[in-house]
Amino acid sequence: MVKPQAHRIVDMPNRAVDARKPGVGASARTGATHCPYCALQCGMTVAPAGEGADGATVTISPRDDVAAGHGGPSTEGPAGGGLCQKGWTAGDLLTTAGRLTTPLLRDERGAPLRAVGWGAALSRVTAEIQRVQARYGRNAVAVFGGGGLTNEKAYQLGKFARVALRTANIDYNGRFCMSSAAAAADRAFGLDRGLPFPLEDVAAAEVVFLAGANVAETMPPFLRHLRDPAGTRTLIVADPRRTPTAAPAGIHLQLTPGTDLALANGLLHLALVEGLADEAYIAARTSGFAAVRDHVLARYWPERVERITGVPVPALREAVRALAAARTAIILTGRGAEQHATGTDTVTAFINLALALGLPGRPGSGYGALTGQGNGQGGREHGQKADQLPGYRRIDDPAARAHVAAVWGVDPADLPGPGRSATELLAAAGTPGGPRALLLFGSNPVISAPGGVADALDRLDFLAAADFVDSETARRADVLLPVTQWAEEAGTMTNLEGRVRLRRRCVDPPPGVRTDLEVLAELAGRLGAAGFSADPAAVFDELARASAGGIADYAGMSHARIDADWGLFWPCPDAAHPGTPRPFTDRFAHPDGRARFTVAGHRGPAESPDTGYPLYLTTGRQLAQYQSGAQTRRVADLLKTAPGPYAEIHPDLAARHDVADGTPVRLTTRRGTITVPARLTSAIRADTVFVPFHWPGAGRANTLTNPALDPVSRMPEFKVCAVHLERAGPPGTSEAPGPADHDARNPATHDPAEVRGGAGEAA
Ligand SMILES: Nc1nc2c(c(=O)[nH]1)N[C@H]1C(S)=C(S)[C@@H](COP(=O)(O)OP(=O)(O)OC[C@H]3O[C@@H](n4cnc5c(=O)[nH]c(N)nc54)[C@H](O)[C@@H]3O)O[C@H]1N2
Ligand SMILES: Nc1nc2c(c(=O)[nH]1)N[C@H]1C(S)=C(S)[C@@H](COP(=O)(O)OP(=O)(O)OC[C@H]3O[C@@H](n4cnc5c(=O)[nH]c(N)nc54)[C@H](O)[C@@H]3O)O[C@H]1N2
Ligand code: SF4
Ligand SMILES: [Mo]
């Protein structure tokens, strides 16, 4: 068996970022904060550049909190700190040419955006909210948030929707991200904390199984936790592509997209027939096993699973034996296994496997989901989800409503009920009975949501967006509010381990820019709602009270304590409580303390290949771009590494279509068509096409994806649909890709004047 090799983290010298550009704040102080991007939340030091620098330039360097004696947070694990290329270049975001520094307003649809003062911008937002609510009712104003918002912002946004707007319609981009894993973990454990153990446990586990996660590109410093200096670890990766994560793995299960559920059930079948299940654990710590056992034994025999998944039986056997033989084993899911219309059941099937092997709650072992966005964990706990109140409470639970209403000083009867989920909210925009006005904080759905979101947004009476850049969505807004970003503000972020960490202000924001909390406080006041602080520490204290007694209990935390302890794990119910790195050691969070098995049957993707659309399409990420690209497409070094969209296709498939590396190919699904250059690689299955989703215009992956939703989580099926491929250029040509619509090499697209010109962008 090939053992995984140690990976080299992208090593780059510290780089100075020239911040002497218009609109940039005057001073920077050396400060310890965290990366603006993913859920690893790598520690970084942001410092004024050079001797005697006045703070107008900053350097970014990784922070080794272990060496600094700070108790070893996630990214600084056994091998010290690290940053990926996105983190190293994050300073560029502070000085990007597309930075918004003044509110912009459009007098009417089709009119150009023009610079206005804050008073005029917020008056317009308030007037539109009041007009739309008077005409169509409270729920006609909707709010859309994001998993990149701090806990304070996410909390305040939820409160703003329920108290100031009194609308049921608030949801956020985490619906596209963690919702299936969250729903499955809730169902099985009674609690959803992405990793219910610290990353040290991953580093020490003998076997790690990654189902649909490509951490080598999505969280590069995570690889240090997968290193294998002693040659005793087995890494198992399930992915239709031999990614940089899968290539060095001992076992790569190169499954057909959309078949993880059958894979997990097939592995469980083998574990049962080979007598590998942990009967004592099952009896002591779980319920519902018998039904799952009967189901998988009856239906998921190895040859059938091989036929569904394309994974040979010997590989299935090898994987399950490795998992069962290890003293410590961890199963982790990523978006590859979760972003399906059957995502909740798929994660359930992996949890069933983990439970049968006795992993969850056992020291050094377990199941976890790899949270994606910077605050993807905290962002799903504090009430910006349609069905949720702070502390991970349910909005339809009378006791939860009473508790939170008391903290907010309102009558529980005045709190709205559950609203529409993200995809449904956006799809209903501007339709009868749907939202007529939308306030958007921290997402760029024109790129990242399935279907024709741009058209839906254009149907609205009114769109307001708060952002620090003119994203493809922000550019469609009637009012654009310029806000502060990571190093310019304070707040807390809960990383993928459930560890709450402090984001510190290291740089003064450009003049004229406000924080999201200031914007919400001002708007709430104008709408007649009192009690909206703009001070992050005060908002956190209120959040802590609102979360008290809930599942995600932050009651014992404060900014000061998080700072002093260098991060705290929830639940942390009182000021003397040390926090909970491993919540399942003694019991699970269901009332009986047991984890629940749930029967989950394989149904396959909502859309399978046929003669018209004969291939599988899957989508995902590349290392040097982040999400919708709103931020990273502006960073020159990242754009140099990852200059544009492409389609990964196998050389055999390419040969059938007379396509060479770089030849433009037209990809068509039942939703639409995009044209991107082919990238030939034998690392992908010959029946599958992979497209990254970071790009706008003719390269926008979500023009193709299937908006079919998971019935429980309402997650869209980003990871599989049926696609038709044809050559778009002359045979065998290798044309350079067309320039990305939004390209840091093209300063014109970043000229604020152009924004004021109101250039809308077709998505
Ligand atoms: N560079 C970079 N890093 C990021 C982000 C980013 O945009 N760019 N975003 C952050 C966020 S929000 C998230 S959610 C995480 C996501 O992190 P990951 O989940 O690691 O990222 P993805 O690329 O979406 O999907 C992972 C893998 O799933 C595989 N896959 C596709 N279809 C299937 C399938 O049906 N089954 C299985 N088993 N695998 C499949 C893909 O080939 C891909 O390699 O990354 C975070 N980190
Ligand atoms: N086809 C396909 N589509 C996908 C996925 C996939 O794998 N395939 N993955 C999905 C996943 S997992 C995710 S998480 C989504 C993410 O998709 P998006 O929600 O579009 O994510 P971002 O590009 O991070 O957009 C964040 C926006 O908010 C701004 N922003 C950042 N921080 C703040 C803040 O503090 N305040 C304010 N006001 N604005 C801020 C940024 O500048 C940016 O414009 O995409 C989903 N879409
Ligand atoms: S791995 Fe994530 S948190 Fe760490 S530097 Fe890269 S993007 Fe930032
Ligand atoms: Mo995500």
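Atoms within a ligand are numbered from 1 in the order they appear, just like the ligands themselves. When reading the values below, keep in mind they use all heavy atoms of this one structure, side chains included, and skip hydrogens, waters and symmetry mates. Just so you know, residue 1 is the first one in the sequence shown, and it goes up from there.
Close contacts of ligand 3 with Pro221, meaning ligand atoms under 4.0 Å from a residue heavy atom, involve 1 (S). Shown in contact with Gln41 at under 4.0 Å from a heavy atom are these atoms of ligand 3, numbered in order with element: 3 (S). Taking every heavy atom of Cys35 and a limit of under 4.0 angstrom, the matching atoms of ligand 3 come to 3 (S), 5 (S), 7 (S), 8 (Fe). The distance from ligand 3 to the heavy atoms of Tyr37 drops below 4.0 Å at these ligand atoms: 7 (S). Within ligand 3, counting atoms from 1 as listed, the ones closer than 4.0 Å to a heavy atom of Gly87 are 5 (S).
Contact record, Leu709 with Arg714: CD2-O, 3.5 Å, taken as the closest heavy-atom pair. Taking all atoms of both residues into account, the shortest heavy-atom contact from Leu639 to Trp695 is CD1-CH2, 4.0 Å.
Under 4.0 Å from ligand 3, not a single heavy atom of Ala39 appears. At a 4.0 Å heavy-atom cut-off, ligand 3 does not touch Met44 at all.
Qualifying side-chain contact (heavy atoms from CB on, under 4.5 Å) partners for Pro257, counting only residues two or more places apart in sequence or in other chains: Pro240, Tyr616, Arg685, Thr688, Val720. Considering only residues two or more places apart in sequence or on other chains, Asp345 meets the salt bridge (Lys or Arg N to Asp or Glu O under 4.0 Å) condition with Arg187, Arg603. Among residues two or more places apart in sequence or in another chain, the side-chain contact (heavy atoms from CB on, under 4.5 Å) test is passed with Arg679 by Tyr646, Asp661.
Under the 6.0 Å cut-off for aromatic ring centres, Phe144 and Phe441 do not qualify, their centroids lying 6.0 Å or more apart.
Exactly one residue among Ser421, Ser180, Ser179, Pro716 makes a side-chain contact (heavy atoms from CB on, under 4.5 Å) with Asp710. That residue is Ser180. With respect to Ile684, the side-chain contact (heavy atoms from CB on, under 4.5 Å) criterion is satisfied by exactly one of Gln254, Arg242, Glu648: Glu648.
For residue Cys42, no N/O/S atom approaches atom 2 (Fe) of ligand 3 to within less than 2.8 Å.
Residues lining ligand 1 at a heavy-atom distance below 4.0 Å are given as Cys38, Lys86, Cys177, Gly212, Ala213, Asn214, Glu217, Thr218, Ala238, Asp239, Pro240, Arg241, Thr243, Leu255, Pro257, Gly258, Asp260, Gly334, Arg335, Gly336, His340, Gly372, Gln373, Thr618, Gly620, Arg621, Gln622, Leu623, Gln625, Tyr626, Gln627, His694, Lys719, ordered by chain and residue number.
Ring geometry for Tyr626 versus Tyr37: interplanar angle of 30 to 60°, hence tilted.
When only modelled atom types and interatomic distance are considered, Thr641 and Gln85 share a side-chain donor-acceptor pair under 3.5 Å.
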